[in-house]
Novice: 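Pasting a structure here, questions to come.
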Amino acid sequence: MKRNEFLLGEKFIVPSYDREKLQTSILHMGTGAFHRAHQAYINEQYIKQTGDLKWGIVGSDLMSATLAAKLKEQDYLYTLVTKGAKQDDITIIGCIKDMYVGVHNSQALLAKMCDPSIRIVTLTITEKGYYRKDKQSIQIDNEAIQHDLQNPNEPKTAIGYLVHALDIRRKNSILPFTPLSCDNLPQNGATLKAMVLSFAKEYNQELYQWIKENVPFPCSMVDRITPATTQEDIEKLEKTGIQDAAPVVTEPFLQWVIEDKFVNGRPDWDILDSVQFVKDVAVFEEMKLRLLNGTHSTQAYLGYLAKYPYIATCMQDLSLQKLIRTMMDTDITPSLTCPPGINLDKYKDSLIERYKNPSICHRTWQIAMDGSEKLPQRILNPIREQLAKNKSITYLSLAVAAWIRYVSGIDEDNNKIDVRDPLADELRAIAEKYEYNKNINDMLQAYLNIESIFSSDLPQNEKFVSSVTSWLTKLYEEGARVVIAKAATQI
Ligand code: CS2
């Protein structure tokens, strides 16, 4: 394939704007499928519609060179396949112009972040990339964080890069960039700020003060269901004549709600209907994190146990579909404030429709990853709020029980589950120690005693503990499919 060109049938397809002239002012950390389906797509549309060539993207990957190498081969162009229930749309994205690999050359990435041309640093580094100890503090004793405190020129973590790059910009009187978190965390901007400040405080008091006074950390809510690309996706695309080693497959739905707080300029992404700049993102974030991500995780654990490979398969089980829709109404909605301009009933119905999309093969196993980092904001915070209001926690507790059953590492046919989680070893060891279902009460207590997940309040809440115990017992005795079916008949 010729560089800078994509072969489609007999024609070469390239973006309609002059890519040579595109400047790069955004640096993105964590250039995975989600970023390429969401922010990069939005940015591409913005460039096409406005002709503004200031806002190209430089990608980065902190951990692996694999994707960067594939993209480099095709001059960073890639195909975005949008799969509707009826038809596919194909867009060639050109706004990522280059990519840095931290693990190979951290100095080059750091230097790029200090370049005055970089005005925004966006992040999709997943929940565990924030090294949260609690709301305000970073895991200061973590090996990678310690490494970054001691090696300012060669950081490893995103937080390390941000702090050291901001420090160099401060010392050279370069305007800071705006760090913009695009991860599924509550108050993601405030969380990023807290972790950056917690690190900076340990590193240099003056820098800490400067960041506090000069760097805004807008929150944002991001949404587009984007499964990991498979070999099959690549082969299917090849049949249409497009050779792309790194395409992305996504759904039609798209939303980005951003707090309007930038220090060094920003594109008017909101010329697109799917983007909004607002004063307060919190209500949007909570709605999405609980209604979408919370029910996604519930389907991931229950669905995996029930042998449903994809979210769309979960939705084919009408009992599970009913349970998830009811969970949204009874266990989640009472904990929410309705965001302006949103009709919650329509939003919930549309989530079910999105989950049903048969062309999106979103594996339950993929969503089940990193549950110890996801559960608190998706499931446990709503549980706390529902308990305080004396509202239902029935299905939220079922989600917790299914997670415990899943992280035990053995499925209902006694096969090993490939549990991917920073705490995977610890989680499996608990199940082994209590011999799985032989000692459910003690085993459950041991799980609930993991403070970084459940804090100290939930293990002491009788209603919560008894509800999870009862579901976990049923999951072990009857299996996930029966539990789902019986629960649905009681709705
Ligand atoms: C999913 C999200 O993998 C997961 O945990 O819940 O990636 C989800 O698909 C996105 O947040 C949708 O916007």
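Please read these numbers as outputs of a predicted model, since none were measured by experiment. Order of appearance sets the numbers: ligands from 1, and atoms from 1 within every ligand.
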Novice: Got a salt bridge between Asp260 and Arg266, using NZ or NE/NH1/NH2 to carboxylate O under 4.0 Å?
Specialist: yes
Novice: Does the distance from a Lys or Arg side-chain N to an Asp or Glu carboxylate O, for Lys486 and Glu478, drop under 4.0 Å?
Specialist: yes
Novice: Relative to the heavy atoms of Lys374, which atoms of ligand 1 are at a distance of less than 4.0 Å?
Specialist: 3 (O), 4 (C), 5 (O)
Novice: Flag His296 as yes when one of its N or O atoms lies below 3.5 Å from any N or O atom of ligand 1, and as no otherwise.
Specialist: yes
Novice: Should Glu412 and Arg405 count as an ion pair when the cut-off is N to O under 4.0 Å?
Specialist: no
Novice: At under 4.0 Å between heavy atoms, is it the side chain or the backbone of Arg378 that contacts ligand 1, or both, or neither?
Specialist: side chain
Novice: Considering non-hydrogen atoms of the protein only, which is the closest contact for atom 13 (O) of ligand 1, and what is the distance?
Specialist: Asp223 OD1, 2.6 Å
Novice: Under 4.0 Å between a side-chain nitrogen and a carboxylate oxygen: does that hold for Lys307 and Asp411?
Specialist: yes
Novice: Taking only heavy atoms of His362 into account, list the atoms of ligand 1 that are under 4.0 Å away from them.
Specialist: 9 (O)
Novice: Out of Ile225, Ile367, Asn293, whose heavy atom sits nearest atom 8 (C) of ligand 1?
Specialist: Asn293
Novice: List the closest protein heavy-atom neighbour of atom 7 (O) of ligand 1: residue, atom name, distance to the nearest 0.1 Å.
Specialist: Asn184 ND2, 4.2 Å
Novice: Does Glu251 come within less than 4.0 Å of Arg224, counting only side-chain N to carboxylate O?
Specialist: no
Novice: List the steps, then state whether ring-ring contact (aromatic ring centres under 6.0 Å, His included) holds for Tyr476 with Tyr436.
Specialist: CA-CA 9 Å; Tyr476 269 112; Tyr436 305 92; 7.4 Å; no
Novice: Could you tell me whether Arg290 and Glu385 make a salt bridge, using a distance below 4.0 angstrom between a side-chain N and a carboxylate O?
Specialist: yes
Novice: List ligand 1 atoms under 4.0 Å from Lys288, heavy atoms only on the residue side.
Specialist: 10 (C), 11 (O), 12 (C), 13 (O)
Novice: Quick one: does Met369 get within less than 4.0 Å of ligand 1, heavy atoms only?
Specialist: no
